4 protein chains.
Amino acid sequence: MTERGGARVPRGEARDRIVAAATELFGRQGYEATTTRQIVEAAQVTKGAMYHWFSSKEELLTSIYRELLAEQTARLEAIAGGAGPADVRLHDAVTDLFAHMDEHAEPLTVWARSMHLVAGEHAAAVRAERRRYQHLFQDLVEEGQKTGVFRGDVLATVVTNTFLSGIVQIYRWFRPEGPLTRRELGEQMVALFLDGVRTVPTAEPA
Amino acid sequence: MTERGGARVPRGEARDRIVAAATELFGRQGYEATTTRQIVEAAQVTKGAMYHWFSSKEELLTSIYRELLAEQTARLEAIAGGAGPADVRLHDAVTDLFAHMDEHAEPLTVWARSMHLVAGEHAAAVRAERRRYQHLFQDLVEEGQKTGVFRGDVLATVVTNTFLSGIVQIYRWFRPEGPLTRRELGEQMVALFLDGVRTVPTAEPA
Amino acid sequence: MTERGGARVPRGEARDRIVAAATELFGRQGYEATTTRQIVEAAQVTKGAMYHWFSSKEELLTSIYRELLAEQTARLEAIAGGAGPADVRLHDAVTDLFAHMDEHAEPLTVWARSMHLVAGEHAAAVRAERRRYQHLFQDLVEEGQKTGVFRGDVLATVVTNTFLSGIVQIYRWFRPEGPLTRRELGEQMVALFLDGVRTVPTAEPA
Amino acid sequence: MTERGGARVPRGEARDRIVAAATELFGRQGYEATTTRQIVEAAQVTKGAMYHWFSSKEELLTSIYRELLAEQTARLEAIAGGAGPADVRLHDAVTDLFAHMDEHAEPLTVWARSMHLVAGEHAAAVRAERRRYQHLFQDLVEEGQKTGVFRGDVLATVVTNTFLSGIVQIYRWFRPEGPLTRRELGEQMVALFLDGVRTVPTAEPA
DNA sequence: TATGAATGAGTATTCATTCAT
DNA sequence: AATGAATGAATACTCATTCAT
């Protein structure tokens, strides 16, 4: 979303208004439940204009993804490729992700909700980018496992997917008006991911 | 509305066939992509019969989930209300949840995928039941925090939501044909939840 | 309607409850807009019960008519067949009709609204009865024309239909809470029918 | 909703054909008995085209009526606002109304038959316009009462509603093939309204 | 004197998309 | 860089009625 909350009708060029409207609607109602009619009404353009800029509703969805994903991937690359122990870099990566969610909450919601609906040609491209992002994350986990900083009895895929699931679902329950800011939430979640809930990790049950 | 609130729902042959067909189709194609026509054809009933038992496609979806949720809530209640330290009971609860998911993977996938499409009355009813489930979980976490078995620097809501998010999302990446069974995955995820990825929890970063 | 306002669920035998519910619904929403489902729910019977007593929705409608029409016809017959000048008898007939509308407002509404929908076998019977009623009225008008008490330059059909239209439409605008009782309204309408609005009937325009 | 409130409605060929077809079908079979399928087939357009111009079948019905009502209101305004005694102007207004009905018998029949099926927003809009028409009429009656040309012992509302009921119902019994033309009928009805049936208005009964 | 599950043809409406201008 | 009328196939849902029990 290129627009901060408050203004109802997005200003700017038609294309931007379409993207902003679609992002907001996809995020709030889901991709399937959003009609092209709603999009053009919210963006205050005609259907023709929308199809002038995007060849289909699906392309509109993938556009939103890819823009976001590209940025996120670049940031993760920078941090993961840095120096220092894996756990510290993981911590920094997640912290950074949360910092950016403040500004990109809506497209991330879209991503979480509607990713699996992208099919056909578009799917391939998006899935490839998405896999690249996930791999950067997973590589970091695997590196930590090799250097002994992370446990080896849990598969790196399990770790990565569990982490990302937790993050991607935040929009479902987190309320910015609540007791925590998004950044504080980030700190708590990283702490949880890294060290778990248990204070005395020795007493293995069963 | 054909179902009488609270009372045991009568099961005709037709009703069972409808539920089975819908579960399978929703799970495979998603809720929106499944048509009532497909459901009645698969269930070998007429449309009228389907609408005799369920007042809408949405009620059919929520029915499937509510039945399952009720069962899961009962199981969690039994385990969480037992004796022993909180971490052991949490471990047992999650293990049991995974065992149960093994038998009911389809309807759970259905729900995880289509939850956000349900609105209004139905959503409210399900959310209420779902909240009850979550509270059972959260109470267990809070108890552990009070007894010192769980860390107190992370809010119980954060713990609970993070756990459940990880679980609810597994249908997105887990493949039963892969290296792990669902139960093995369960073991790894509990381990992760309880003790984190890090082997040396002392070296707190930043 | 066999029921005075106040009680929601009509007491009494099933058949009576069905008639009462149908009358109320047909009167309020119209025949076409009322579903058998609404009728059986309001009457608190099953569909089977309804079809046990009435072979179709249409028969239910005609039943309501015929009961009312038979009574009304009998009363009109008694008055129209009496002695005295035609205008006095017409006056008495209309007065009597208004007196009875107090108790039969609902079925009269049904009659006014849905008469024209009755088709097929039922139609013939109802139309015959309805025509009989109208003819009693019209005979009275024609008699008055012959005896010179009524004007001859307006067709008796026009007079009759205009009278009855005015009466049948009352439910559309008359409110019992308003300045007039139904009987007072009756007096005013008869006065209007008999002598017109104009005080000086001599000055023929055009 | 495709129509923009207040502004002149653009007329494509297709829109005109839809209105014409709907008017004819509604008039002949009734609103409920007419399907959208029949309308689009008769108008030789697709369903999509119909829903492009009218947001629902109900809007199509109300459109037909509102257009007509607006015209009639304008005519009544012109005549009622003229000079001369109230009874002459009333006579002229009704005569003009019948002349107009002669040309627009179909849409008027449509409305008289189906009015009660329209609910909600559309009904409210039409009722407001309809009330405006009725008030013009009633004002004329009240003026006549003040100037002594009309009797004062009958409420103006009663007069107005009785008049208009008689007119609105003529579609139920009038047959153009019968002994009278619509204009002749108009003359007889005005005569009746103004001076009543009775030749000797002195002999007040009871 | 009911029950209630089931029918099946039919309904109004939606929606992503196109294309001449 | 747009418009907006039109498409056409598909969709969820309704409803009077039946019938074995």
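The basis for the numbers below is simple: all heavy atoms, side chains too, and nothing from hydrogens, waters or symmetry mates. All values reported here derive from a predicted model rather than from experimental measurement.
The distance between atom CZ of Arg17(B) and atom C1' of dA5(E), rounded to the nearest whole Å, is 12 Å. One interatomic measurement links the two molecules: CD of Gln44(D) to P of dA6(F), which rounds to 14 Å at whole-angstrom precision. Atom-to-atom, CZ of Phe54(B) to P of dA12(F) comes out at 16 Å; the value is rounded to the nearest Å.
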Its contact letters, B for base, S for sugar-phosphate only and - for none at protein heavy atoms under 4.0 Å, make nucleotides 13-21 of chain E read BBSBBB---
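For Tyr51(C), there are no ring pair (Phe, Tyr, Trp, His ring centres under 6.0 Å) partners, not counting sequence neighbours. In this view, Phe54(A) satisfies the ring pair (Phe, Tyr, Trp, His ring centres under 6.0 Å) rule with no residue, not counting sequence neighbours. Scanning for side chain to side chain donor-acceptor pair (under 3.5 Å) contacts around Glu129(D) gives Arg66(D), with sequence neighbours left out.
A salt bridge links Glu24(D) with Arg28(D): the closest approach of a Lys/Arg side-chain nitrogen to an acidic carboxylate oxygen falls below 4.0 angstrom.
Listed by first and then second residue, the salt bridge (Lys or Arg N to Asp or Glu O under 4.0 Å) pairs that reach into residues 41-51 of chain B are Arg37(B)-Glu41(B), sequence neighbours excluded.
Looking at Glu106(D) and Thr23(D), their side chains never bring a donor and an acceptor atom within 3.5 Å of each other. Of the N and O atoms on the side chains of Ser55(D) and Glu59(D), at least one donor lies less than 3.5 Å from an acceptor on the other residue.
Within the structure, a side-chain polar atom (N or O) of Trp53(C) is placed less than 4.0 Å from OP1 or OP2 of dA2(E). Residue His52(B) places none of its side-chain N or O atoms closer than 4.0 Å to OP1 or OP2 of dA6(E).
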Encoded 5' to 3' (Watson-Crick or G-U under 3.5 Å; [ ] crossing; | other strand), DNA chain E becomes .||||||||||||||||||||
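Between the side chain of Tyr31(A) and the backbone N or O of Glu58(A), at least one donor-acceptor pair lies under 3.5 Å.
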